[in-house]
Amino acid sequence: NSPQDSLILAASAESGSGLEAARLALLAGADPNLPDEQGMTPLLHAAFKARADLVALLVDTGKADVNWDGHEHGYTALMFAALSNSEPTVLSLLRRGARAYKTNRLGRTASQMAAFVGHHRIASLIGNYFEREELEHYTRCHGLETKPKLPPHLLEDTWMLVTDVNLNPAHLCYTLESRPALLNPAVPRVLELLSESQWKRRDLNEVLSIKFFYLAVAVRHLLAEWERCRVESGKDDGQVSLDQALRRLTQPVGPARAGRGSEELIRRVLREYPYTESNLLRTMIRSLASSRLGCRPTAVSVLNGAVNGQQFFADQDACEVCDKFIGCRHCAGCRVVKYCGPRCQRLNWPVHKPECAKLRQQRLKDEANNASDAAEAATKAELAASEARSEADAALAAAKEARQRADEARALAEAAESEATSAESAAEAAEAKAERAERAAAKARSKVPSGGKGGGIKDGGGDRESAELTVEPQEQD
Ligand SMILES: [Zn+2]
Ligand SMILES: [Zn+2]
């Protein structure tokens, strides 16, 4: 195997394998930009197999061209990742410079292809992707500035924040706790500038403008909550905990048991968004106008629908509290609702507790129904099997009879053959006898003087009857 073959093989391996093999193949000189006979480069294979880890290796270490478009249908790695419905792979490619606007030979972008096959979350992720360079712009001094609007050390975290598709305020709390540098007044200021630039640019993007404005308001709100908490507790141990803010955000309200703080926060965003002529804003306000706090549709769902599309959560079973959708687990009690971890579960327990037992019973009933359905199906299948079996038996009997008849016919044929054989041997014997007679006749003829009855012999040379007739007088001599 050449290093190139090994690299292709490793890149098209299913999850969990191939990473080390790919690393070795790259070290041995394999080219990650070289297509195989199918016109697929190792990067295209890895993207299609949803291998975010391999994509990272091939681009970072192997210097694979993330926008390679030599595929016969013009498919890029991003398009393959979109078709494989893998958010980590898509993000891995986007964050390595994959261009979302590239189109295939039919003029479709990766986002459109994802939407076409029903991967709405991916379509939204790519469609609303924000290029790193646009954010980088704010980390440099412009005009008379003596310091940039965004401290360069915040670039990475801020970029992660703006490219995250989960807009749930509870999720934002977790993000800020794990990236505490974002609790910096410069971040909401830059987010507001981003919102403005998305609104004022020639190819205006209402979706991103509203998303960034929401993030600006939400981060500012959490920053204030965190500072108040620090003042109240009088301690600053460097540990960032937004627990109190999280509690207020998720405190249940209304028949939908929505998070009160989250609902209020998003309604405030809609009130304060400065570009009131935005059609998207008006649509959102209209959806919420008739519903009171904590009724459906909730403000969180309206925001998600506007920014990520109505289908966003249709095919996901996300965390009940924060909408995280990877790695969630069922509540052990009901095994119906899902949580990303114990923190969200504890937060949701006052709401979920009275329902957990009911949900459990409903699930057991459903399962019992399913089981009885399954039993019924099994009975039907058994019936069908026994019918099939009796049919098979009948067919078997018919086959047996046919075989018997064939045997009989064969016996008859054998008898006829042996008869034929004996007839044949009789014929052979007769022939042999005739030959002997001929030889005797020839011998006799040689003894007959010429001019006698020789003419008669000559005429009947081939005729046994006449030969015998000719021979007879000779025997009598
Ligand atoms: Zn959660
Ligand atoms: Zn439960």
Side-chain angles (χ1 to χ4, degrees), residues 87-88 91 121 124-125 157 160-180 182-183 211 214-215 218-219 221-222 225-226 229 239-266 294 296-305 307-308 312-370:
E87 187 174 324
L91 263 180
R121 193 179 179 104
S124 158
L125 175 65
D157 285 341
M160 292 307 246
L161 179 69
V162 297
T163 53
D164 195 336
V165 286
N166 188 346
L167 299 180
N168 190 304
H171 172 72
L172 187 61
C173 283
Y174 293 150
T175 305
L176 296 183
E177 282 180 348
S178 65
R179 298 173 184 272
L182 287 171
L183 287 164
K211 173 177 172 175
Y214 156 72
L215 285 174
V219 170
H221 166 76
L222 290 172
E225 288 271 303
W226 177 54
C229 183
Q239 193 79 10
V240 172
S241 166
L242 292 168
D243 213 51
Q244 285 200 23
L246 191 57
R247 272 172 207 291
R248 270 193 278 274
L249 286 174
T250 56
Q251 187 197 21
V253 62
R257 315 301 280 156
R260 174 185 286 276
S262 295
E263 293 296 299
E264 286 172 346
L265 180 71
I266 291 166
R296 287 184 205 283
T298 63
V300 173
S301 72
V302 167
L303 177 69
N304 250 323
V307 175
N308 293 316
F312 192 60
F313 289 111
D315 53 354
Q316 306 292 345
D317 36 0
C319 171
E320 191 77 2
V321 177
C322 72
D323 287 334
K324 184 183 169 182
F325 82 102
I326 295 174
C328 293
R329 291 166 66 183
H330 280 121
C331 161
C334 58
R335 300 206 160 277
V336 175
V337 302
K338 281 189 160 185
Y339 296 106
C340 65
R343 211 164 155 203
C344 274
Q345 183 169 24
R346 267 200 298 276
L347 277 170
N348 196 231
W349 187 237
V351 176
H352 181 58
K353 191 182 170 187
E355 286 169 355
C356 189
K358 255 184 280 172
L359 285 172
R360 180 191 159 86
Q361 263 167 0
Q362 186 58 46
R363 175 181 61 85
L364 290 175
K365 213 167 100 185
D366 289 350
E367 277 176 6
N369 283 344
N370 287 347

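Indexing begins at 1, ligand by ligand and atom by atom, following the structure's order. The figures here come from the full heavy-atom set of this structure, side chains too, leaving out hydrogens, waters and symmetry mates. Everything numeric in this text was worked out from a predicted model, so none of it was measured.
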Practice problem: Answer yes or no: does atom CZ of R296 have more than 12 heavy-atom neighbours from other residues, nucleotides or ligands under 6.0 Å? | Solution: no
Exercise. Working to the nearest 0.5 Å, report the span between OH of Y174 and CG of N166.
Key: 11.0 Å
Exercise. Kindly report the NE2-the Zn ion (ligand 2)-SG angle for H352 and C334 respectively, rounded to 10°.
Key: 100°
Exercise. Start with the C-alpha gap between E263 and T298, add the side-chain angles, then the distance that decides, and say whether side chain to side chain contact (heavy atoms under 4.5 Å, CB included) holds.
Key: CA-CA 7 Å; E263 293 296 299; T298 63; 3.4 Å; yes
Quiz item: So what does the C344 SG - the Zn ion (ligand 1) - C322 SG angle come to, to 10°?
Solution: 120°
Quiz item: What's the SG-the Zn ion (ligand 1)-SG angle here (C319, C340), rounded to 10 degrees?
Solution: 120°
Practice problem: Look at H330 and state whether any of its N, O or S atoms is less than 2.8 Å from the Zn ion (ligand 2). | Solution: no
Quiz item: Where the Zn ion (ligand 2) is the centre, what is the SG-to-SG angle for C331 and C356, rounded to 10°?
Solution: 110°
Quiz item: Taking 4.0 angstrom as the limit, do R343 and E177 come out as a salt bridge?
Solution: yes
Quiz item: Are more than 12 heavy atoms from other residues, nucleotides or ligands located less than 6.0 Å from atom CZ of R179?
Solution: yes
